[in-house]
Amino acid sequence: MADWTEDANEALTLSLVRSSKDKEMLADDETYEEFHPSFTYPIYGEDEKIYGYRDLLIDLRLASGSLTQYLSVSYEEKLPSTSTVDDVEGTLAKFIPLGYYTDEEAFFKRVEEDADSFRPPGQLIYSYTRQSPKSSSKGKRKRDGEQALDPQSEDVIEFEVYHATWDTPGFREYHQKMQLFILLYIEGGSYINEDEDPWEFVLLYEKRKRNDPSHTVTYHFVGYSSLYPFYYYPERVRLRLSQFVILAPYQRHGHGSELYKAIYQYILKNPNIAELTVEDPAEAFEDLRDKNDLQMLLSNEQFMQEAFGVQTAGSTGRRRKSGRGGDLSLGKGKLSPPADKVWVEKWRKDLKIAGRQFQRLVEMLILLHLNPSDSAALRAYRLQVKERLYRFNFEILAQLEKEERYEKLEETFQSVREDYHRILALVS
Ligand SMILES: CC(=O)SCCNC(=O)CCNC(=O)[C@H](O)C(C)(C)COP(=O)(O)OP(=O)(O)OC[C@H]1O[C@@H](n2cnc3c(N)ncnc32)[C@H](O)[C@@H]1OP(=O)(O)O
């Protein structure tokens, strides 16, 4: 039996296909082909196994910009069709509503056409640059953020973020192609209801300029996020980030952070939006969010000055070590524990960060600046964190005896503090 069972995550092989001219521009180690999904259970069932085949290959290719699809299923051997033998192609096809190419040559022809004509849907809202892997492989790589890169230079790649809604021309069709990535990469992810009007989307693209006389500009899909606006009393909205995905070949290169920053900047600039919340974040996304929020606060000179009463090195890009008599713990400010709640709430509203997230960030920053020999400050900090934890876990804690409740709260405090140290290490 086992011999005829294939791992669906292994069998499904994804590729982002570029035109022949665009492929020529890639560095040797830049590959967007043959990567695998993290999940296939929404498609092939809970155990992510496919029965009835040997050496199964589900070859799903997408044009790197337009996301036009090609699907081919091949195998060494297949059992005669019965009700237990999976219909590999038919099952996947249900999740590709706009259809796909099955003829390889026709697909490649379409990739060549799409490459030159495809333009991202929506409004450009944010951009950033990265050193081209081709130039960095020549040993010229600058560290990210070290120096602004000239987008006109051939050694530099631009990335652009676009904002779209259902009203954006061509976007509904485009969404039907890109949403497959939600199933393949987000645990518990599902297709959203297209009849619910207010969804908003931000899409991230790599923008390349060919270094031939035509200088044709081409766009390659990197990832996207979907956001839903909820009513926020009295006349604004709270934007809830619902889905967020960076395609596997682009992960762990800071693109998720840039997409998150793009969303945050969009929210800060838009007077109609009161705050950003996140729906059921995955652990990796929580870290990404904490890291970027902390960096944002640390580089906000006014915030840090008022918070700790000293000029922090965060604003200069060099953060000094906290505690143990370090400069930062000497100041008296609004976050010298116990934190000034009115001040915290004012900044939270101005920065449009959700309540619990902002409290966590504040707790992390205080921890960073705590002087371990100041027992009054340590006690005030412990009480501040425990008060929040008590409110947050009230229903569970209220059921416990007093002693047990204290113990549980202390235990939770210790593990929260440990996690804060872990997260703070991500930004140092
Ligand atoms: C609300 C939601 O939708 S939650 C679902 C989030 N989406 C998914 O899980 C889909 C699959 N994964 C992805 O799309 C991406 O890996 C993301 C969105 C989680 C991260 O995007 P990336 O572009 O890889 O993130 P980026 O490179 O900016 O990383 C920033 C920091 O986040 C943290 N981080 C990112 N990915 C991971 C990971 N897989 N594991 C642990 N930490 C991670 C790290 O601290 C990282 O900094 P470092 O690389 O210097 O250590």
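Because the structure is predicted, anything quoted here is derived from the model rather than measured. Worth knowing before you read on, the calculation uses all heavy atoms, side chains too, and leaves out hydrogens, waters and symmetry mates. As the structure lists them, so they are numbered: ligands from 1, and atoms in each ligand from 1.
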When the aromatic ring centroids of Y250 and Y32 are compared, is their separation below 6.0 Å? yes
Chain-and-number sorted residues having a heavy-atom contact under 4.0 Å with ligand 1 are Y185, I186, L241, S242, Q243, F244, V245, I246, Q251, R252, H253, G254, H255, G256, S257, V278, E279, P281, A282, A284, F285, D287, L288, K291, L426
Which of these passes ring pair (Phe, Tyr, Trp, His ring centres under 6.0 Å) with Y205: F221, Y128, Y224? F221
Lys/Arg N to Asp/Glu carboxylate O, R208 vs E30, below 4.0 Å: yes
Ring centres under 6.0 angstrom apart (F171, Y162): no
Is E306 salt-bridged to K334, cutoff N-O under 4.0 Å? no
Run the ring pair (Phe, Tyr, Trp, His ring centres under 6.0 Å) check on F230 and Y232 step by step: do they pass? CA-CA 6 Å; F230 287 91; Y232 186 90; over 10 Å; no
